[in-house]
Amino acid sequence: MSLRTLDDLVEIEGHRVFVRVDFNVPLESGAVADDARIRASLPTIAELLDRGATLVLASHLGRPKGKVDDALITRGSAERLQELLGRPVTWLAHPVPESLPADPVVMLDNLRFDPGEEANDPAYAGRLAELADAYVDDAFGAAHRAHASVSALPELMLASGRPAVAGRLLQREVEVLGQLLRDPARPYVAILGGAKVSDKLAVIDALIDRVDAILIGGAMANTLIAANGGEVGESLVERDRLDDVRATRTKARDKGVLIEVPQDAVAAAEISLDAPRQTVPATAIPRGLMALDIGPRTVESYAHLIADAKTILWNGPMGVFELEPFSAGTRGVAMAVAHADAFTVVGGGDSLLAVKKAELDDAFDHLSTGGGASLEFLEGKALPGITILEA
Ligand code: ADP
Ligand code: MG
């Protein structure tokens with residue numbers, strides 16, 4: 001699979017390019033609290049401006065459900081972008097204005113303020129299409145959704161003979177994650193954690209066809225342990241997924257893929273900073289306690305497997321890393337991955353936050369900007385925002 005990219009845009013000097021960015025950023029009183037996603041789009045924006053294009057940028061933000069929500073306007077992102085670019089960004093208080101000012105960089109308001117966005121409405125996409133001569137998609141985080149700005153809009157652009165291509169961020173995501181699907185260096189180890197096994201069963205199933213080992217942490221480990229008859233106390237468990245989990249383990253055994261679950265856990269009666277905690281066997285969590293992090297023996301054994309890997313994919317924290325007393329497992333795994341002599345990829349909003357907290361962002365080969373999108377991509381699914389850009 002290969003994508004059309006900025007290299008395929010020939011005549012753009014003086015032309016208006018619609019750039020679908022992913023500025024779905026956390027806000028604190030209207031200001032951008034974490035600008036990683038804005039920074040990630042800078043290469044594409046700078047390259048287009050260098051080549052003399054004028055830009056109209058657009059993103060979704062949160063879930064306003066087709067109505068204007070003052071708490072979810074994109075003005076904060078436009079302001080942050082202006083600082084990062086060092087040139088004016090004109091923000092328009094509308095997701096699809098009738099016309100655009102001639103300013104070189106214009107940013108629209110939250111696309112999801114219009115119900116046409118999530119409905120993939122061709123009429124709405126048509127109004128967006130009128131704003132530009134070419135289309136660039138750099139919003140990997142939205143690529144798994146068939147929404148107007150990533151699906152109907154590029155379709156319309158192509159149908160009317162205008163180019164629709166991937167920006168540098170989207171291009172790199174597809175190159176890196178595509179490599180993990182095609183021909184990863186072995187051993188290939190996946191580390192999966194986070195809150196819910198139901199979010200990640202499909203990707204675990206798909207990864208069994210490709211990896212050598214899967215190391216499980218986070219709350220989802222409890223569901224695997226419970227499915228094997230372990231005692232998990234009051235830990236978060238998805239009882240309705242026990243059969244699915246057993247089927248997944250059978251598949252792994254048949255394929256010779258190692259699925260590792262924690263040996264020990266840090267447990268407490270409640271999720272709080274000062275709750276007394278103890279390290280206990282992960283299959284024998286005492287009554288009244290919850291497993292809230294993987295224990296030190298698990299970190300050590302995972303670190304050995306990680307050290308031998310040549311490709312590592314990590315998605316999902318190993319414990320309640322937001323609270324210091326339950327963050328050692330996630331930090332330990334992050335350090336092991338950072339030091340491995342392997343190609344390392346991390347994805348997932350919370351996982352990225354954990355990597356940042358440990359100040360290890362530079363130690364990974366690729367920080368994927370897409371949570372759901374990267375998981376669906378790694379399942380081998382066709383993503384609507386990507387197929388439309390294929391050459
Ligand atoms: P990501 O955003 O990286 O994909 P998820 O959203 O799947 O990760 O999961 C992250 C959440 O899982 C965090 O809020 C974390 O506190 C929670 N979590 C991890 N381990 C546990 C656990 N043992 N018990 C309860 N919650 C957990
Ligand atoms: Mg998350």
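Ligands are counted one by one from 1 in listed order, and the atoms in each one are counted from 1 as well.
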- prompt: How far apart are the C-alpha atoms of Arg277 and Asp293, what are their side-chain angles, what is the distance that settles it, and do they pass the salt bridge (charged side-chain N to carboxylate O under 4.0 Å, His left out) test?
  reply: CA-CA 10 Å; Arg277 57 204 149 102; Asp293 193 11; over 6 Å; no
task: Using heavy-atom distances, let me know which of Asp350, Asp293, Asn315, Thr330 sits nearest atom 5 (P) of ligand 1.
output: Asp350
query: Charged N to carboxylate O below 4.0 Å: is that the case for Asp34 and Arg39?
result: no
- request: For Ser351, counting its heavy atoms only, list the atoms of ligand 1 lying under 4.0 Å from any of them.
  value: 1 (P), 3 (O)
- prompt: Does a side-chain heavy-atom distance below 4.5 Å link His366 with Arg172?
  reply: yes
task: Using a strict 4.0 Å cut-off to heavy atoms of Gly316, name the atoms of ligand 1 that fall inside it.
output: 3 (O), 8 (O)
query: Is any side-chain heavy atom of Arg4 closer than 4.5 Å to a side-chain heavy atom of Leu158?
result: yes
- prompt: Do Leu100 and Leu92 come close enough that some side-chain heavy atom pair is under 4.5 Å?
  reply: yes
field: Lys196, any N or O under 3.5 Å of ligand 1 N or O
entry: no
task: Return the residue, atom name and 0.1 Å-rounded distance of the protein heavy atom closest to atom 7 (O) of ligand 1.
output: Lys200 NZ, 2.9 Å
- request: To the nearest 0.5 angstrom, please state how far the CE atom of Met290 sits from the CD atom of Glu270.
  value: 7.0 Å
message: Looking only at protein heavy atoms, which one is nearest to atom 8 (O) of ligand 1, and what is the separation?
response: Pro317 CD, 3.4 Å
Side chain, backbone, both or neither: the part of Ala291 lying under 4.0 Å from ligand 1 by heavy atom: backbone
message: Quick one, Leu61 and Leu27 - any side-chain contact, counting heavy atoms below 4.5 Å?
response: yes
task: Hey, can you tell me if Phe377 and Phe140 have their rings parallel, tilted or perpendicular (30° and 60° cut-offs)?
output: perpendicular
statement: atom 19 (C) of ligand 1 has as its nearest protein heavy atom Gly319 O, 3.2 Å
message: When you compare ligand 1 with Ala219, is there at least one nitrogen or oxygen pair between them that comes in under 3.5 angstrom?
response: yes
query: To the nearest 0.1 Å, how far is atom 12 (O) of ligand 1 from its closest protein heavy atom, and which atom is that?
result: Ala195 N, 3.2 Å
query: With respect to the Mg ion (ligand 2), what is the nearest N, O or S atom of Asp350?
result: OD2
Salt-bridge contact Lys251-Asp254 (side-chain N to carboxylate O under 4.0 Å): no
- prompt: Among protein heavy atoms, which sits nearest to atom 14 (O) of ligand 1, and what does the distance come to when rounded to 0.1 Å?
  reply: Glu322 OE2, 2.5 Å
field: Protein heavy atom at shortest distance from atom 26 (N) of ligand 1
entry: Val320 CG2, 3.7 Å
